[in-house]
Amino acid sequence: MEGRLANMWRLTVNESKFVETALQSELRVDGRGLYDYRKLTIKFGKEYGSSEVQLGQTHVMGFVTAQLVQPYKDRPNEGSLSIFTEFSPMADPSFEPGRPGESAVELGRIIDRGLRESRAVDTESLCVLAGKMVWSVRIDLHILDNGGNLVDAANIAALAALVTFRRPDCTVGGENGQEVIIHPPEEREPLPLIIHHLPIAFTFGFFNKGNIVVMDPTYVEEAVMCGRMTVTVNANGDICAIQKPGEEGVSHSVILHCMRLASSRAAATTKIIREEVEAYNRERSLQKVKRHPTLAKSVVSGPTVVVKEEHRKSSDQEKAAEISREHVERLKLSSEELRSTKVEEVAASPTNFKGGPSKWDPYSEAMDVDSLKASLASKGDSVTKSSSKKTTNGSGNAEKDAEMSVEEVTGDLGKKDTVEATKQNDGEMTLKDAVKPKKKRKNKNN
Amino acid sequence: MGTEVSTSPTSLIDQTVVPGDVVLDLSNMTNQTIKLGSGLFQDNDAISAMRAGKLRYTKPNKYWVESSHKRYIPRPEDAVLGIVVDSKSDNFWVDIKGPQLALLPVLAFEGGTRRNIPKFEVGTLLYVRVVKTNTGMNPELSCTDASGKAAGFGPLKDGFMFETSTGLSRMLLSSPTCPVLEALGKKLSFETAFGLNGRVWVHAAAPRVVIIVANALMNSETLSGTQQRIMVEKLLEKISE
């Protein structure tokens, strides 16, 4: 017990008096103006629907997941939205693990009201089978560091995660049209949620019996302030939620002033969120682009590689030998290339090209992730291969898809000339790889 | 154990060392008495670092490792800033950012008797001296120096307090004066108290000055001397606009 006493953060008389005195002269302790916000950074994670928001010292992470469940009896056509908050003890010495405290519940409720009551997330589009199956969207907010004003930061984290979240596509099928088939992301692109508008929360702190209003209070200011209010507004100027949890009474003119301040800032913050999401989506879609083989000789960034061509119907033994040689070949490339998520064009020298369209069909083979992992794990010497076989078809360039996630790559590439080819090899895929996964694919389909 | 043995004692001085680095080789230094401070450990002839930080040396023969933390480990004769948590009949409970609350006897003041016990409310900021730190016991404090005089110890009135790392406090207390304090002192007049536990108190006539000084000090931990001076100049320019 004493240990916890020693760990608590304590407010000194000096700090509280100084904060109040400085605010009389419209000065804030960190040098901000009364209505200035701290620096806001929004980052996204690898998976869809994960965001990390930093507002000054405050640090919040948001995760969105979705599940198929039975709908509520009184709303058989609507999906549901639920918010869970976790106030990690590493954020603040006063946070305890386990059951959420009062402030955690309040934060969850403010964000929930802002999203649900204003119908920001379209729940009717989440319905799959009326009365039987709907999508239940769950938002998890983790507070990592409490530097003051958790509500605003958590709200932005929730919005950023919702906007970038993609749920699996599903179709209704089966014998009597009652079965729901969920399509994996390799089969069908996951879909975004329909979000009509972004409700942004703005928190105000009141000082000096409600006469002084401050936006985005820091940790110390929160300890000193005598009252607070949160207004959730969207860019259209609609007020989605207001929360004023008791404490000091404030005159109505001050309340209206706060609401005006909030709506004037909503557009700017919405713009920031949308821009960050745009940038993130652009980056992700660049990762997915499958470039078609071209004839142009591209800049070589890796060592020269000679690819041994192989007919698609080669025997297993040959395949195995090929694969191992390929692993070696791939390993000659830097690991950065292997991990790079940029798709680069692979080019063979013009002499390779024998004419004819590429036989590479992007939708028939899956990439073999395991072989790639194995290749990354093992070490190989650089080996130059000399080709031994000739192919029947003309060869295009091998298309290298650098994505490590399971993207479909066809195996029809097959044929290549046995000429020394300089190519920009991302390392993920070679023609031989296309052959090998064919076996595996059958297992997956079963 | 060690990664490399320094051939001369000066090679690792003022450099960052990590636990396991052998910083001194005694076989090279004969007929010398060396004083090892905190963070160093002797293993026959090799002196190795036990903590991560900078290796420091003062003439004639003192070596130690200095590191910067957000938490404070109380040591005797340290001057720290404490916050009163509770007052009992014979002790004040004071928080000094250590693993335990510290005790300040009600009589540990200059001219302190049972008749004139000071009344500190919860949240009072005190400039105190650590007297005893025995393991397992709460540290003991005093508001007098070793000879019984007040010497500046006691409650700090008004002003503003903020918390930083122990390394920054030490830097601000070093002599010659830290560049950021010099640069600020040329243009502004203010009062400061630095606790070795990472707490800093600043006081000036105008709140504006306090805010400038506090922010300048908070930003100066990782800056070099010239960078600190430049930062202060920029800050003062901005303010005087």
Side-chain angles (χ1 to χ4, degrees), chain A residues 1-39 56-59 89-94 144-148 207-208 211-212 214 216-226, chain B residues 70-74 81-86 93-103 120-127 136-139 155-163 191 193 195 197 199-216 218-219 235 238-239:
Chain A
M1 210 270 296
E2 217 230 275
R4 209 189 318 149
L5 270 182
N7 275 337
M8 274 174 58
W9 177 83
R10 289 180 173 83
L11 183 68
T12 53
V13 166
N14 313 54
E15 275 169 298
S16 52
K17 260 198 350 200
F18 181 75
V19 169
E20 301 252 352
T21 326
L23 280 173
Q24 308 274 7
S25 343
E26 300 209 349
L27 290 168
R28 285 173 85 169
V29 165
D30 47 3
R32 283 188 282 158
L34 289 185
Y35 308 135
D36 286 343
Y37 261 66
R38 291 167 286 178
K39 179 156 170 259
Q57 276 268 56
T58 304
H59 205 147
M90 72 172 154
D92 190 315
S94 61
L144 300 177
D145 200 0
N146 182 9
F207 295 83
N208 190 15
N211 297 326
I212 302 182
V214 141
D216 190 19
T218 58
Y219 194 66
V220 174
E221 286 169 345
E222 279 191 344
V224 176
M225 65 191 181
C226 61
Chain B
K70 281 179 104 166
R71 291 218 155 265
Y72 168 66
I73 308 287
L81 260 59
I83 304 178
V84 175
V85 172
D86 196 8
W93 286 94
V94 179
D95 163 46
I96 53 173
K97 263 181 101 173
Q100 291 166 318
L101 292 177
L103 294 164
F120 295 138
E121 58 171 2
V122 174
T124 311
L125 189 63
L126 301 170
Y127 187 59
M137 291 166 51
N138 298 74
L156 295 167
K157 272 202 72 194
D158 298 329
F160 179 64
M161 192 273 292
F162 57 93
E163 294 188 2
E191 217 189 317
N197 56 349
R199 289 203 174 122
V200 176
W201 174 83
V202 181
H203 182 46
R208 199 180 121 267
V209 175
V210 175
I211 294 176
I212 298 171
V213 173
N215 282 310
M218 281 196 259
N219 293 336
L235 203 56
K238 228 174 56 164
I239 303 300

Fill in: Interface residues of residues 25-35 of chain A facing chain B - non-hydrogen atoms under 4.5 Å apart
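The list, in residue order, reads A/S25, A/L27, A/R28, A/V29, A/D30, A/G31.
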Heavy-atom proximity to chain A below 4.5 Å, by part of [X]:
X      : answer
B/K97  : neither
B/R71  : side chain
B/D158 : both

Worksheet item: Listed by chain and number, what are the side chain to side chain contact (heavy atoms under 4.5 Å, CB included) partners of A/T21, not counting sequence neighbours?
Response: none
Practice prompt. Could you point out which residue of A/V13, A/T12, A/L11 forms a side-chain contact (heavy atoms from CB on, under 4.5 Å) with B/I83?
Written response: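 Going through the options one by one, the only one that passes is A/T12.
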Worksheet item: How about A/E222: does its CD atom have over 12 heavy atoms from other parts shown lying under 6.0 Å from it?
Response: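 Yes, enclosed.
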Once you round to the nearest 0.5 Å, how far does [atom1] of [X] lie from [atom2] of [Y]?
X      : Y      : atom1 : atom2 : value
A/N14  : B/F160 : CG    : CZ    : 10.0 Å
B/D95  : A/W9   : CG    : CH2   : 11.5 Å
B/L101 : A/M8   : CG    : CE    : 9.5 Å

Worksheet item: If we only count heavy atoms from C-beta on, is the A/F18 to B/V210 side-chain gap below 4.5 Å?
Response: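 Yes, at least one pair of side-chain atoms sits under 4.5 Å.
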